[in-house]
Amino acid sequence: MYQTLLATLEDGIYTVTINRPDKLNALNKQVFTDLDAAIDEIGSNNAIKAAIITGSGAKAFVAGADITEFGGLNKEEAMALAKRGQDVFFKIENSKKPVIAAVNGFALGGGCELAMACHFRLCSENAKFGQPEVNLGLIPGYGGTQRLTQLVGKGKSMELQMTAQLVDANEALQLGLVNHVTTAETLLERTRDILKVIMTKAPVAIGKLIECINVAVINDSSFTNGKTGYDKEVEAFGDCFATEDMKEGTAAFLEKRKANFTGK
Ligand code: COA
């Protein structure tokens with residue numbers, strides 16, 4: 001189904017593994033084609049309730065965009081490359097089903113940007129994050145200038161991107177770039193455990209949360225047809241009231257039993 005990804009579906013969780021370990025899982029055109037298809041699959045396959053993105057091998061999540069594809073690009077071609085990367089990462093960010101990054105090593109450049117496009121991140125103790133593009137005479141092109149700033153604040157984002165300094169797992173935790181640090185052995189298990197909790201909740205409500213929280217960090221009303229995040233929240237709150245799951249959830253509370261959500 002994919003040339004550069006491995007994908008498994010277990011207990012409703014689709015685990016997508018970027019599989020170019022000899023190139024530290026660098027993102028080439030084919031990886032973007034495959035990731036694009038994987039996000040479509042996550043959206044359309046009813047058996048998939050949530051997803052994990054991780055990297056193959058013990059060393060890297062993703063060590064960046066594939067630098068060998070940069071050679072000879074002119075300005076327009078470079079802009080098209082950035083736009084393509086941004087579009088695929090927007091699809092991840094706007095997935096209605098949760099997509100969590102399990103960062104198992106280097107997450108540099110496009111790898112850090114991919115992790116940041118996921119809804120949140122866990123990492124193993126050996127993980128290293130960074131936007132080292134200035135070392136190449138570049139800046140991030142797949143959303144890094146925006147998402148790193150949203151996650152860690154302007155001053156730290158400026159410093160990290162201007163110096164190309166890498167941050168280790170514990171600093172990433174302190175900065176709020178990741179939510180949890182685990183051993184390499186327990187990274188996927190811990191990520192799955194969190195997703196299993198999320199999967200006991202009402203799927204439509206989870207999708208609405210993703211939508212509203214994304215609006216909170218996209219500080220531009222032109223992306224939301226002039227609506228603020230508060231407007232969006234009012235609308236999404238109302239949408240939840242139109243679901244069977246809302247009736248089930250409130251009834252289950254009053255009847256002192258566990259809710260059985262169906263996603264309707
Ligand atoms: N694009 C293309 N190939 C890459 C790559 C990238 N972003 N990152 C690593 N690779 C390749 C290397 O060229 C090498 O290939 P080779 O065996 O055919 O020579 C292989 O992956 C292993 O990488 P190597 O550099 O030998 O491993 P290392 O342990 O010495 O260093 C890193 C690891 C992550 C520090 C180093 O690979 C690196 O700095 N990568 C680039 C990071 C970067 O600048 N990313 C932003 C890109 S915009």
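One-based numbering, in listed order, for ligands and for the atoms of each. Just so it is clear, the structure is predicted and the values come from calculations on it, not from any experiment. For the numbers below, each heavy atom of this structure counts, side chains included, while hydrogens, waters and symmetry mates do not.
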Result of checking V62, I92, I100 against I53 for side chain to side chain contact (heavy atoms under 4.5 Å, CB included):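 Per the side chain to side chain contact (heavy atoms under 4.5 Å, CB included) rule, the option paired with I53 is I92, out of V62, I92, I100.
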Nearest candidate to [atom], where distance is taken over non-hydrogen atoms, out of [options]:
{"atom": "atom 47 (C) of ligand 1", "options": "L166, L138, N135, I67", "result": "I67"}
{"atom": "atom 7 (N) of ligand 1", "options": "P21, A65, C112, A26", "result": "A65"}
{"atom": "atom 14 (C) of ligand 1", "options": "L24, L27, N28, D22", "result": "D22"}

With N19 via side chain to side chain contact (heavy atoms under 4.5 Å, CB included) - residues at least two apart: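 Listed in chain order: L6, P21, S56.
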Side-chain donor-acceptor contact under 3.5 Å, Q174 with N170: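 N170 and Q174 do not have a side-chain donor-acceptor pair below 3.5 Å.
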Please report which non-hydrogen protein atom sits nearest to [atom], along with the residue it belongs to and the distance in Å to one decimal place.
{"atom": "atom 10 (N) of ligand 1", "result": "K23 O, 3.8 Å"}
{"atom": "atom 27 (O) of ligand 1", "result": "K59 NZ, 3.6 Å"}
{"atom": "atom 45 (N) of ligand 1", "result": "A63 O, 3.0 Å"}
{"atom": "atom 35 (C) of ligand 1", "result": "F106 CZ, 4.1 Å"}
{"atom": "atom 46 (C) of ligand 1", "result": "G109 CA, 3.9 Å"}

Over-ring placement of R147 relative to F90, 6.0 Å and 45° cut-offs: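 Pair R147/F90 counts as cation-pi.
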Part of P132 within contact of ligand 1 (heavy atoms, under 4.0 Å):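 Within the 4.0 Å criterion, P132 contacts ligand 1 through side-chain atoms alone.
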Any protein heavy atom nearer than 4.0 Å to [atom]:
{"atom": "atom 2 (C) of ligand 1", "answer": "yes"}
{"atom": "atom 31 (O) of ligand 1", "answer": "no"}
{"atom": "atom 39 (O) of ligand 1", "answer": "no"}
{"atom": "atom 42 (C) of ligand 1", "answer": "yes"}
{"atom": "atom 19 (O) of ligand 1", "answer": "no"}

Trace of the salt bridge (charged side-chain N to carboxylate O under 4.0 Å, His left out) decision for D245 with K264: CA-CA 6 Å; D245 278 349; K264 290 185 189 128; over 6 Å; no
Ligand 1 atoms in contact with D66 (distance to a heavy atom under 4.0 Å):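 Listed by number with element: 1 (N), 2 (C).
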Per-atom contacts, ligand 1 versus L108 - under 4.0 Å to a heavy atom: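 Near L108, the atoms of ligand 1 are 34 (C), 42 (C).
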Criterion side chain to side chain donor-acceptor pair (under 3.5 Å) against D87, the qualifying member of K91, K83, R84: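 That would be K83.
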Output field: ring centroids Y230/F237 closer than 6.0 Å: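 When the ring centroids of Y230 and F237 are compared, they turn out to be at least 6.0 Å apart.
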Single-linkage hydrophobic cluster V152~Y142, side-chain heavy atoms < 4.5 angstrom: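 Yes, because V152 and Y142 connect within a single hydrophobic cluster, where side-chain heavy atoms sit under 4.5 Å apart.
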Within-4.5 Å side-chain heavy-atom neighbours: L175 and V167: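 The answer is yes; the side chains approach within 4.5 Å.
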Audit row: F32, F89, ring-ring contact (aromatic ring centres under 6.0 Å, His included) steps and yes/no: CA-CA 9 Å; F32 276 110; F89 289 2; 5.6 Å; yes
